[in-house]
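Heads up: the structure comes next, in structure tokens.
Everything numeric in this text was worked out from a predicted model, so none of it was measured.
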Amino acid sequence: MMDSGLLKDIIEWDVKSWAQALPFWESSLPKAGRALELGARRGGLSLWLAKKGFQVVCSDYDADWNQARALHAKYGVLQHISYEHINALNIPYENHFDLIAFKSILGGVTRGGRPDRQAQAFDAIYRALKPGGVLIFAENLEASQLHQYTRKYFVQWGNDWNYLKYDEVSGLLSDFEKVELKTVGFFAAFGRSEWQRRRLAHLDQLIHFAIPQSKRYIILVRASKPIISP
């Protein structure tokens with residue numbers, strides 16, 4: 001079992017719900033190679049991938065890397081990580097990475113009424129992956145009407161963030177193969193503190209069978225670029 005402090009440093013917030021991504025992704029990770037984290041912020045996924053043996057490009061559009069470097073130094077993985085400013089809509093690599101990962105960036109990339117940028121981001125990711133390369137990500141879903149109402153009136157950026165729709169995901173990943181989806185979480189989204197979110201996430205895991213896939217608020221995805229591109 002992973003140390004709780006390390007897990008928090010990787011996931012950062014709403015840890016019990018979003019951490020379900022790690023075992024879901026783990027079975028599809030390629031052997032160590034080149035990896036890219038998009039929208040890295042503090043570089044949590046870069047930390048996880050470096051500890052898995054990848055050489056990682058930790059990237060964000062306009063990040064100050066002081067926090068990420070400090071985090072990676074704390075765990076002794078700086079030698080496995082480089083830092084670049086990369087726009088997820090225009091990744092300056094082609095057929096280069098064995099793995100690309102991100103967590104909760106699509107809503108920001110497409111905010112301000114630009115849902116067309118979702119397809120643009122996936123096109124850029126597809127080009128940057130090697131044939132046979134793997135994409136893993138976790139993203140906020142539009143979820144239920146209760147989630148939508150709460151975000152609109154109680155989340156500062158709720159009206160501007162473009163939440164991913166469950167029934168659009170397969171279309172966005174149509175160029176990929178071996179696409180696997182899992183959704184998690186319902187009540188934990190309403191927690192106002194990490195303690196509350198952790199307790200509510202435990203409830204979610206007990207009753208997940210009763211909640212439709214499309215009404216949960218986190219989607220976990222793993223997919224591969226075909227070795228022979230379409």
Side-chain angles (χ1 to χ4, degrees), residues 17-18 20-22 24-30 35-40 45 59 61 86-149 151-152 155 157-186 189 208 211-230:
S17 294
W18 289 83
Q20 293 177 71
L22 302 184
F24 178 75
W25 292 335
E26 193 137 21
S27 64
S28 60
L29 289 181
L36 169 67
E37 181 185 4
L38 294 168
L45 293 184
S59 79
Y61 182 65
I86 292 177
N87 184 342
L89 301 175
N90 186 25
I91 302 170
Y93 291 93
E94 187 170 350
N95 298 323
H96 185 78
F97 292 103
D98 300 283
L99 178 74
I100 294 179
F102 65 83
K103 177 169 70 74
S104 188
I105 70 166
L106 288 177
V109 167
T110 62
R111 69 196 312 165
R114 295 295 305 273
D116 55 297
R117 289 182 173 177
Q118 290 176 346
Q120 187 179 345
F122 284 110
D123 287 346
I125 289 166
Y126 188 91
R127 286 192 302 272
L129 280 170
K130 292 179 179 178
V134 174
L135 167 65
I136 56 174
F137 69 90
E139 191 63 44
N140 288 284
L141 282 176
E142 185 180 58
S144 70
Q145 289 186 337
L146 180 59
H147 289 92
Q148 294 168 44
Y149 175 87
R151 290 163 179 157
K152 181 176 181 179
V155 176
W157 58 87
N159 285 324
D160 194 36
W161 197 266
N162 186 45
Y163 290 91
L164 191 62
K165 295 179 174 61
Y166 178 78
D167 59 6
E168 293 177 345
V169 177
S170 294
L172 290 167
L173 297 170
S174 60
D175 288 340
F176 291 81
E177 64 179 10
K178 300 177 184 177
V179 177
E180 297 181 70
L181 312 175
K182 179 180 179 179
T183 60
V184 300
F186 187 89
H208 73 278
I211 302 171
Q213 290 265 5
S214 62
K215 303 304 180 185
R216 302 170 191 172
Y217 73 97
I218 303 169
I219 189 165
L220 315 177
V221 178
R222 55 191 184 199
S224 300
K225 179 176 178 176
I227 293 177
I228 300 175
S229 300

Nearest 0.5 angstrom please: [X] [atom1] to [Y] [atom2], how far?
{"X": "L181", "Y": "Q213", "atom1": "CG", "atom2": "CD", "value": "8.0 Å"}
{"X": "Q145", "Y": "K152", "atom1": "CD", "atom2": "NZ", "value": "11.5 Å"}
{"X": "E37", "Y": "L99", "atom1": "CD", "atom2": "CG", "value": "10.5 Å"}
{"X": "D123", "Y": "I91", "atom1": "CG", "atom2": "CD1", "value": "10.5 Å"}
{"X": "I125", "Y": "F176", "atom1": "CD1", "atom2": "CZ", "value": "6.5 Å"}

| remark: Across all chains, not counting sequence neighbours, the side-chain hydrogen bond (donor to acceptor under 3.5 Å, both in side chains) partners of S59 are none

| request: May I have the step-by-step check of side-chain contact (heavy atoms from CB on, under 4.5 Å) for V221 and L135, ending in yes or no? | output: CA-CA 8 Å; V221 178; L135 167 65; 5.6 Å; no

Any idea which heavy atoms bring [X] and [Y] closest together, and the distance?
{"X": "W25", "Y": "A138", "value": "CZ2-N, 3.5 Å"}
{"X": "I227", "Y": "E177", "value": "N-OE2, 4.3 Å"}
{"X": "D175", "Y": "P226", "value": "O-CD, 3.4 Å"}
{"X": "A124", "Y": "N90", "value": "CB-N, 4.3 Å"}

Would you check if [X] and [Y] make a side-chain contact, meaning some heavy-atom pair closer than 4.5 Å?
{"X": "N95", "Y": "P131", "result": "yes"}
{"X": "L106", "Y": "F122", "result": "yes"}
{"X": "L36", "Y": "Y93", "result": "no"}

Restricting to ring-ring contact (aromatic ring centres under 6.0 Å, His included), what partner residues turn up for [X], sequence neighbours left out?
{"X": "F102", "value": "F137"}
{"X": "H208", "value": "none"}
{"X": "F186", "value": "H147"}

| request: Show your working on side-chain contact (heavy atoms from CB on, under 4.5 Å) between I218 and Q20 and close with a plain yes or no. | output: CA-CA 10 Å; I218 303 169; Q20 293 177 71; over 6 Å; no

| field | For L89, side-chain contact (heavy atoms from CB on, under 4.5 Å) partners two or more places apart | value | N87, V109, R117, Q120, A121

| Qualifying salt bridge (Lys or Arg N to Asp or Glu O under 4.0 Å) pairs with a residue from residues 128-148, counting only residues at least two apart or across chains | D98-K130, E142-K165

| Expected output: side-chain R222 to main-chain S28 donor-acceptor under 3.5 Å | no

| said: Which residue is it: V134, I136, L129? I am looking for the one with a side-chain contact (heavy atoms from CB on, under 4.5 Å) to I100. | reply: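 So the option named by the test is L129.
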
| message | Counting only heavy atoms not in F24 (residues, nucleotides, ligands), do more than 12 fall under 6.0 Å from its CZ? | response |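 Enclosed.
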
